[in-house]
Amino acid sequence: MENRIPVYQDDPDTYMENICSDKVSQNGSENSSVLSGIVSPLIIKWYRENKRILPWRDQNNAYYTWVSEIMLQQTRVEAVKPYFIRFITELPDPAALASCPEKKLMKLWEGLGYYNRVRNMQAAACTVVEEYGGKLPESYEKLMSLKGIGSYTAGAIASIAYGIAVPAVDGNVLRVVSRITESREDIMKQSVRKKMEQTLKEIMPSDCPGDFNQALMELGAVVCVPNGQPKCGECPVQKLCRAHLHDTTEEIPVKAPKKARRIENRTVLVIQDGERTAIQKRPDKGLLAGLYELPNVKGTLSAEEAVKVVEKMKLEPLYIEELEPAKHIFSHIEWRMTGYLIRVSSLETNRNSKLIFADKKQSDRQYAIPAAFGAYVKYMKEETR
DNA sequence: AATACGGGGTC
DNA sequence: GACCCAGTATT
């Protein structure tokens, strides 16, 4: 505390020239003294002049902020844009989300991944309708209590939509602040994230917390980038960033190495009855919960074994052809798939109630089939005539 | 504290 | 191929 930097009072650039680089870089006191006073006005100014135009920034609407923040969890801005527009058009408010049929909800999310995000969001929407009159509560704690909203998302909604002075610490913020302070703590640790929230809460401005949080994130997304060289030449806090000063941006942030993913062999069956292809619903829990899939089994089956599996499904195989192998990588599992195209007698297709026979058009419209099956979904036929 | 949970982009 | 990403819930 004895080394606290005086708070910013006039033009940030002049101010920085006057007090900063030498003094700040030399006394290696604690993080908050590096951050306090000066970083905040500099990055806020930069943010206001450089922020990207994004669909959810058009207007201040807590529901839009919520939807965008959930979509943006572990997902890039560019990927989210079209999903966001479609989602708020179809489901413009919490009440619409709360009453949306599951199938439609999954179609709206199809391809975004982490499908529990949207299930949790719908459960939270029900709570919002039932307990808060259809409007997201203006309280960090109440937001936190909603399904799918953790400390990051609660902080983002509270600060951006409601102007509440709470931090929103995501991967960008952890990276940016770790570099500015040249912290070598492992940012994967929950304890480090907690500490970061505490530090930021102390130094963030109370008059524009939303801009402050977004400035840190925007800086991380656009300038202080995660892979490749950070664009320090464009950075508003270049002169006081310790990692830049000491040329350690490549070492920071520090992250613990992650576990290798396990490999799983699977055999995918493209079962066709004339023009239609068999799909089925996945279990409600676990990987890709509640989505639709081409029937598939564990292991790499021979054609003979595949035929047996199809017979067990109470179908009558007429023809089988091996398809090209395919691979799909999840964050924690790698599927190595082999496929078979199997034609079955159409007389038998209604014996198995678990299977749905659909053409491509119908499944595009009604059934969410995750990208993992993409290599074999392409064998589905366009249209039943 | 560790693990489950998608998918796409970049180097 | 390895790594990354506007995280949260469960175990």
Side-chain angles (χ1 to χ4, degrees), chain A residues 47 51-52 54-57 64-84 106 109-121 123-124 143-157 159-160 167-176 186-194 196-197 210 213-222 224-230 250 253 255-264 282-291 293 327-335 368-375:
Chain A
Y47 173 69
K51 66 178 176 185
R52 292 167 292 178
L54 301 173
W56 45 91
R57 285 181 178 161
Y64 291 178
T65 307
W66 181 25
V67 172
S68 68
E69 290 302 341
I70 299 293
M71 286 185 171
L72 286 163
Q73 289 170 9
Q74 309 288 287
T75 309
R76 290 169 186 276
V77 165
E78 287 311 313
V80 165
K81 279 182 186 172
Y83 282 93
F84 174 80
M106 289 305 124
W109 208 264
E110 179 183 17
L112 262 185
Y114 287 127
Y115 297 86
N116 259 339
R117 290 185 293 175
V118 71
R119 294 178 183 285
N120 287 336
M121 189 164 56
L143 288 167
M144 275 286 280
S145 73
L146 293 170
K147 266 221 169 72
I149 297 184
S151 68
Y152 164 72
T153 308
I157 298 172
S159 64
I160 296 170
V169 175
D170 68 350
N172 282 323
V173 176
L174 286 165
R175 181 175 58 259
V176 169
D186 177 2
I187 63 165
M188 297 304 280
K189 284 186 167 170
Q190 274 188 333
S191 58
V192 172
R193 180 171 157 159
K194 270 266 188 300
M196 181 76 71
E197 287 171 349
N213 286 334
Q214 290 183 89
L216 281 174
M217 294 192 271
E218 191 86 351
L219 198 56
V222 177
C224 199
V225 291
N227 34 24
Q229 287 286 118
E250 283 195 65
K255 290 180 125 175
K258 55 182 88 163
K259 232 183 70 175
R261 61 176 69 87
R262 73 170 183 272
I263 294 173
E264 208 174 286
R282 290 180 61 87
D284 293 329
K285 284 192 177 287
L287 187 67
L288 304 171
L291 300 185
E293 65 180 0
K327 184 162 74 175
H328 185 81
I329 298 176
F330 300 92
S331 45
H332 56 305
I333 308 171
E334 177 174 331
W335 276 1
I369 303 178
F373 297 97

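Naming convention: chains lettered A, B, ... in sequence-line order (proteins, then strands); numbering from 1 in each chain. For clarity, every value in this text was computed on a predicted model and none was experimentally measured.
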Undergrad: With sugar-phosphate meaning primed atoms plus P, OP1 and OP2, does A/K285 contact a base, only sugar-phosphate, or nothing at under 4.0 Å between heavy atoms?
TA: nothing
Undergrad: Would you please say whether a donor-acceptor pair under 3.5 Å links the side chains of A/R117 and A/Q74?
TA: no
Undergrad: How far, in whole Å, is B/dG6 from C/dT11 if one measures between their P atoms?
TA: 15 Å
Undergrad: Using a cut-off of 4.0 Å between protein heavy atoms and nucleotide atoms, how would you tag nucleotides 3-11 of chain C 5' to 3' with B, S and -?
TA: -BBBBSS--
Undergrad: Round to a whole Å and report the spacing from CD of A/E264 to P of B/dG6.
TA: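 Distance, rounded to whole Å: 13 Å.
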Undergrad: Run the side chain to side chain donor-acceptor pair (under 3.5 Å) test against A/E69 and tell me which residues pass, sequence neighbours left out.
TA: A/Y152
Undergrad: Send over the distance from A/K194 NZ to B/dA1 P, rounded to a whole Å.
TA: 11 Å
Undergrad: Can you see if the side chain of A/H328 gets near the phosphate of B/dG7 - specifically, an N or O under 4.0 Å from OP1 or OP2?
TA: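 For A/H328, the contact criterion (side-chain N or O under 4.0 Å from OP1 or OP2 of B/dG7) is met.
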Undergrad: What integer distance in Å separates A/E250:CD from B/dC11:P?
TA: 13 Å
Undergrad: Verify the contact: side-chain N or O of A/H332 to OP1 or OP2 of B/dA4, cut-off strictly under 4.0 Å; return yes or no.
TA: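 Indeed not, no polar side-chain atom of A/H332 lies that close.
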Undergrad: Of all residues at least two apart in sequence or in a different chain, which pass the side chain to side chain donor-acceptor pair (under 3.5 Å) check with A/T153?
TA: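 A/Q73.
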Undergrad: In this structure, how many angstroms lie between the C1' atom of B/dA4 and the CZ atom of A/R282, rounded?
TA: 13 Å
Undergrad: A/K189: what forms a salt bridge (charged side-chain N to carboxylate O under 4.0 Å, His left out) with it, not counting sequence neighbours?
TA: none
Undergrad: Taking atom C1' in both B/dT3 and C/dA6, compute the distance separating them and give it to the nearest angstrom.
TA: 22 Å
Undergrad: Do NZ/NE/NH1/NH2 and the carboxylate oxygens of A/E218 and A/K51 come within less than 4.0 Å?
TA: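 A salt bridge is absent here (no side-chain N lies under 4.0 Å from a carboxylate O).
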Undergrad: For A/A79, which contact category applies under a 4.0 Å heavy-atom criterion: base, sugar-phosphate, or nothing?
TA: nothing
Undergrad: Could you tell me which residues satisfy side-chain contact (heavy atoms from CB on, under 4.5 Å) with A/F330, sequence neighbours excluded, listed by chain and number?
TA: A/L287, A/L288, A/H328, A/H332, A/I333, A/W335, A/A372
Undergrad: Among B/dA4, C/dG1, B/dG6, find the nucleotide with the atom closest to the side chain of A/F330.
TA: B/dG6
Undergrad: Taking only residues two or more places apart in sequence or in another chain, which ones pass ring pair (Phe, Tyr, Trp, His ring centres under 6.0 Å) with A/W56?
TA: A/F84
